[in-house]
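In what follows, a structure is listed as structure tokens, so that the remarks can point back to it.
Just so you know, ligand 1 is whichever comes first in the structure, and atom 1 is the first atom listed for that ligand. Predicted, not measured: the structure shown is a model, and the values here were computed from it.
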Amino acid sequence: MRVHGTPYRTVWMDGATVHLIDQNRLPFDFAVESCADHRATAEAIRRMTVRGAPAIGAAAAFALAQAFLEAGRDPWPHARAARALIEGTRPTARDLFHATERVWAAAEAAPHGAAATEAAVEAARALAEEGVASCRRIGEHGAALVAHGARVLTHCNAGWLATVDHGTALAPVYAAAADGKRPHVWVDETRPRAQGARLTAWELAGEGVPHAVIADNAAAFLMSRGEVDLVIVGADRVAANGDVVNKVGTLAKAVCAREFGIPFYVAAPPSTFDAGVPDGASVTIEERSADEVHFQTGPDETGTLRRIRVTAPGSPARNPAFDATPARLVTGYVTEHGVFAPGELPAAAYPAVRAAAV
Ligand code: MRU
């Protein structure tokens, strides 16, 4: 996608350096962070400089490739430690583990140390490219669900910033907009980190897609008044039974959508589907710092970034980052292979190999 007319990807690797759009500074400042080694890239994932399941996956793949490039003739001890560090950054998105497993498997299949490094770099690049192609196809398939003038509600950011390019939930919106259908997007604010208000709104403004940010609590009201035609969200992990783990608050949208007869779609590439976990209840849910609930950061009237407290001093807070939506509340999964109802997901929606962990 373009930023001020220049084409960008969310994350890319140039030689041994990984570059990431700094999502912690958006929408107030556009900056690219450059990570010279795997530790810096892993830290960028941990700090959420890069976030969104497929983008995390690409960054993790590049980080492991960096580790192979940093290592000497026997890359394995260094790469093994790097893999553990990368896999310890964020626990929920399947894409991260899919990425490390895939890069590792490619390196292991190589005949010797130098070839292993080459194979790791090649696998990381291929993973990022395939992610882009997958999201493009999600957009093509999903656009058919978006009628002329449709009012789409989305949660969190599952746009191009959350992937290497195009997005998952927003890919159909962008494709429909390109077809001249003039969709309108209700953007859930998505407290506590406000990925909707900050990132999705910034993206949609950049692409010229009509939208409005709503407080998370306003979604059910808009649905009850007939002002939402469909919901599309992304996913961090889709379990074998079709349960969807995504940004906390997704479950509430799915319950409301069912109550008001509104279709609820989940868009995701194969790297997010996990045949190895039976259901949503079995997925590790990241618990983040209570400070994300207590504090908000933004510019004051002079443009200076300020961090302010928004909760009662002394009150504790709890901050689960994701929730699990049962498959029965999902109308359809928008995949690179097409749109499928729960129970009808083809085996091809899941990656062919779930490589062994080390
Ligand atoms: O904590 P985040 O910002 O990484 O969470 C992101 C989400 O929950 C997205 O909806 C999900 O990763 C899908 S991204 C295409």
Return the closest protein heavy atom for atom 9 (C) of ligand 1 as residue, atom name and distance.
Asn246 OD1, 3.4 Å

Out of Gly131, Ala235, Ala268, whose heavy atom is nearest to atom 13 (C) of ligand 1?
Ala235

Min heavy-atom dist Asn157 to ligand 1 below 4.0 Å:
yes

Starting at CZ of Arg193, measure out to CG of Asn24 and round the result to the nearest 0.5 Å.
5.5 Å

Applying a 4.0 Å heavy-atom criterion (strictly less than), which segment of Arg90 is in contact with ligand 1: side chain, backbone, both, or neither?
side chain

Distance-only, no hydrogens or angles: does the Thr92 side chain make a donor-acceptor pair with backbone N or O of Glu286 under 3.5 Å?
yes

Any atoms of ligand 1 less than 4.0 Å from a non-hydrogen atom of Thr168? List them with their elements.
15 (C)

Answer yes or no: is there an ion pair linking Asp236 with Arg94, defined by an N-O contact shorter than 4.0 Å?
no

Can you sort out which atoms of ligand 1 are near Pro54, meaning under 4.0 Å from one of its heavy atoms?
14 (S), 15 (C)

Thr272 and ligand 1 - part of the residue with a heavy-atom distance under 4.0 Å:
neither

Considering non-hydrogen atoms of the protein only, which is the closest contact for atom 6 (C) of ligand 1, and what is the distance?
Arg51 NH2, 3.4 Å

Look up atom CD1 in Ile232 and atom CG in Leu145, then write down how far apart they are to the nearest 0.5 Å.
6.5 Å

Proximal atoms of ligand 1 relative to Ala162 (non-hydrogen, under 4.0 Å)
14 (S), 15 (C)

Short N or O distance, Ala158 and ligand 1, threshold 3.5 Å exclusive
no

For ligand 1, is there an N or O atom under 3.5 Å from any N or O atom of Thr163?
no

Arg137 and Glu140: salt bridge (charged side-chain N to carboxylate O under 4.0 Å, His left out), yes or no, with the steps?
CA-CA 5 Å; Arg137 287 199 291 275; Glu140 288 162 6; over 6 Å; no

Tell me whether Lys253 forms a cation-pi arrangement with Phe264, defined as NZ or CZ under 6.0 Å from the six-membered ring centre and within 45 degrees of its axis.
no

So, Thr17 and Asp14: side-chain donor and acceptor under 3.5 Å apart, yes or no?
no

Looking only at side-chain N and O atoms, does Glu292 offer a donor or acceptor that is under 3.5 Å from a partner on Asn319?
yes

Need the ligand 1 atom indices (1-based, order shown) with element for anything under 4.0 Å from a heavy-atom of Lys247.
1 (O), 2 (P), 5 (O), 8 (O)

Please list the nearest protein heavy atom to atom 8 (O) of ligand 1 with its residue and the distance rounded to 0.1 Å.
Asp236 OD1, 2.8 Å

Atom indices of ligand 1 within 4.0 angstrom of Ala53 heavy atoms, with elements:
12 (O), 14 (S)

Run the numbers for me: atoms of ligand 1, each under 4.0 Å from some heavy atom of Met48, listed by number.
1 (O), 2 (P), 3 (O)

For the pair Arg306 and Glu301, find out whether any cationic side-chain nitrogen is under 4.0 Å from an anionic carboxylate oxygen.
no

Charged N to carboxylate O below 4.0 Å: is that the case for Arg102 and Asp95?
no

Which of the ligand 1 atoms, numbered from 1, are nearer than 4.0 Å to a heavy atom of Gln195:
1 (O), 2 (P), 3 (O)

